[in-house]
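What follows is one structure encoded as C-alpha cells, with my remarks underneath.
Start at 1 and go down the list; that is how both ligands and their atoms are numbered. Note that the coordinates shown come from a computational prediction; the quantities given were computed from them, not determined experimentally.
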Amino acid sequence: MLKSIILAAGKGTRMKSDTPKVLHTIFDKSLVEYVIEAVNNTGLIDENYIIVGHQARQVEEYINKNCRNSTCILQMPQLGTGHAVSMARAELRDYEGEVIILCGDTPLITAETLKDFIVFHKSKNSDLTVMSAIMENPANYGRIIKNYDGTLNSIVEEKDATEEEKLVNEVNAGIYCLNWGKIRQAFSELQNNNAQGEYYLTDIVKWANSKKFSVNSYTIKNNEEIFGINSKANLAEAAKLMNKRIINKHLENGVTIIDPATTWISPDTVIESDTVIYPSCYINGKNKIGRNCKIGPFAHLRGDVVLEDNVKIGNFVEVKKTTIKSHTNACHLTYLGDSEIGSGVNIGAGTITANYNPLTKEKSKTIIKDNVKIGSNSVLVAPVTIEEGANVGALSVITKNIPAWALAITRAPLRIVENWVKSNTNH
Ligand code: UD1
Ligand code: CA
C-alpha cells in the first residue's frame, strides 16, 4: 500500500472568503474531501497526510470528522510546496515505499487516473514520476523541460522561465509519485534561491536526475481532472464540470434526464434506469432512487432520501431524510422531512411534515403507512404516525396518531349563507 501527501496549507486569497479554500464545497462536500476520496478509491493507498496551514484548525476539524485514513500535519509558516512536503518527514520516518503527492484544491481528479498513474510509475520502475498535461494555454503552470532524448530534465516555474521555456506547452499537473526511501533526502537539500523565494517541490526532479534515479513523466488524458480552484468563478466552473460528468454517467445507465443543463445531481446519488428527471431539479447529498420514478420538474432532494420504484416527486416538492416505498406520489408543493412513507400512498398538494420544533430545536419523525391518503394542505405535526389506509381530510392539522382505516379531519365545517352577497351589497 502507498501513502499520500495532500497539500492544503495555502491561503486561497482569490476566493475572497473567510472559509479556508479547501473547505469550499461542491454539493456540500469540501474540495479536499473529493481529493481524499479519489485517493482512497484507488484502493492502493492506506494513509493520507494532509498538509494544513492557513486556518489549520478548521481544516483539521473537518478532515477528522469526515475523511477516512487521514492525518493532518501543520505547516507553519508556508514556505513553498517543497517545504510543505518536507513537513511529512517525521510521520513517514523510515517508510521506504511509494508516496503520491497531490493538491487539495483539484476536486475533479479521479481514482481511475490516479490508479493508472501509479501503475505507470511501477511498470517503469520509476523512482520519481511527474504527471504532466498538454495545455493550449500553459500560462501560470510550471513547464516540463525535456532532454533531447525525451526524458524529463526539470520543471521550471513560469516566474523563473526564459521566453523560450515559456513556449513549452507541456506543464506540471502538480501530481507526483515517488519512492520515499530514495527521494526523501531531496527535501533536506532544497534551496529557495528562485523568483518566489520558495522551496519548490518541483526542484526534486533536478535533484533526482543528479542522483541518477529513474525519473519519468506521465501525461494525463483529460486536463479537466487537474482543474484547480483559485476563485469563486473556478468553483462554479468545477461544479458544472462535475455535474456534467455525473449526468453523463446516469444517461449511460439508462436514466432519462430531460434537460441536463438545469439538472443538478450529487455524486453520491444512485438512480436506477427508466427513472425520468424533469428540468430544474436539485438533488443533493446521498440518495437512492429506484426504477421508473418521476422527479420534478423543480424538485429538491436534500439528501438521505430513498425512493423505491415507481415513486413520483413532483414540482416544488422538497424531500429530506425520508424513505418512500413504491407507487407513492407526492406531486405538488410539499415538504417531506424525517419521514417514513409506505407504498400506494397519495400525498396531496401542499402537505407539510412539521418535523422541527424551533423551541426545543428537536426534529421528529412522521410515519405514514401503506395506502394512506393525505388531503391537500395538511400539516402532519411530528412525531406522528398515520396507520395503514387512513385518510386525512384536506386542510387538517394532525397532532395525534391516526388509527388504520380512520378518517381524520380538523377542518371547520363549511357554512353556506344563502343570498349573503345580495343582502350585503347592491346586487
Ligand atoms: C504548483 C507547481 C507548478 C504546477 C502547479 C500545478 C511548485 C513550485 N509549482 O504551482 O509547477 O504547474 O502547482 O497546479 O510546486 N501549498 C502548501 N504549502 C505551501 C505552498 C503551497 O500547502 O507552502 C499548497 C497550496 O495550498 C496548493 C498547492 O500547494 O494546494 C500548490 O501551491 P501553489 O502555490 O498553488 O502552486 P502553484 O504556483 O500553482
Ligand atoms: Ca495552484
Side chain to side chain contact (heavy atoms under 4.5 Å, CB included) test vs N172 passes for just one of T202, V205, V156, I226, namely T202
I'd like to check whether G10 has a polar contact with ligand 1, where a contact means an N/O of the residue lying under 3.5 Å from an N/O of the ligand. yes
Below a 4.0 angstrom heavy-atom separation, can you tell me which part of E198, side chain or backbone, both or neither, approaches ligand 1? neither
Taking 4.0 Å as the limit for heavy-atom contacts, which would you say applies to L79 with ligand 1: side chain only, backbone only, both, or neither? backbone
Between E37 and K29, is there a side-chain N and carboxylate O pair less than 4.0 Å apart? yes
For the 3.5 Å polar cut-off, considering only N or O atoms, please tell me whether Y141 and ligand 1 meet it. no
Nitrogen or oxygen atoms of G80 and ligand 1 under 3.5 Å apart: yes
Pick whichever of C103, P138, P20, G174 has a heavy atom sitting closest to atom 28 (C) of ligand 1. C103
Contacting atoms of ligand 1, where contact means under 4.0 angstrom from a heavy atom of A84: 17 (C), 18 (N), 22 (O)
Hey, are T351 and S378 close enough side-chain-wise for a donor-acceptor pair under 3.5 Å? no
Ring pair (Phe, Tyr, Trp, His ring centres under 6.0 Å) against Y95, all qualifying residues, sequence neighbours excluded: none
Identify each donor-acceptor pair in which a side-chain atom of residues 87-94 lies under 3.5 Å from a protein atom, sequence neighbours left out, and give them as a table.
from	atom 1	to	atom 2	distance (Å)
R89	NE	S86	O	3.1
R89	NH1	S188	OG	3.0
R93	NE	A90	O	3.0

Using heavy atoms and a 4.0 Å limit, tell me yes or no: is T202 in contact with ligand 1? yes
Indicate whether the side chain of D116 and that of Y218 have a donor and an acceptor atom separated by less than 3.5 Å. yes
Give the atoms of ligand 1, by number and element, whose distance to some non-hydrogen atom of T81 is under 4.0 Å. 7 (C), 8 (C), 15 (O), 20 (C), 21 (C), 29 (O), 31 (C), 32 (O)
Test of proximity, A9 against ligand 1: N or O pairs below 3.5 Å: yes
Does ligand 1 have any atom sitting under 4.0 Å from a heavy atom of E157? yes
Determine, using heavy atoms of G53 and all atoms of ligand 1, whether some pair is separated by less than 4.0 Å. no
Mark up the atoms of ligand 1 that fall under 4.0 Å of a heavy atom belonging to G142, in ascending order. 3 (C), 4 (C), 11 (O), 12 (O)
Taking C-beta and beyond as the side chain, do N223 and M135 meet within less than 4.5 Å on heavy atoms? yes
Between the side chains of N179 and E98, is a donor N or O closer than 3.5 angstrom to an acceptor N or O? yes
Looking at L7, N140, I175, I155, the heavy atom closest to atom 30 (O) of ligand 1 belongs to L7
Under a plain distance cut-off of 3.5 Å, with no hydrogens placed, do N147 and N153 share a side-chain donor-acceptor pair? yes
So does E164 have more than 12 non-hydrogen atoms from other groups sitting under 6.0 Å from CD? no
Give the atom numbers and elements of ligand 1 that come within less than 4.0 Å of a heavy atom of A8. 22 (O)
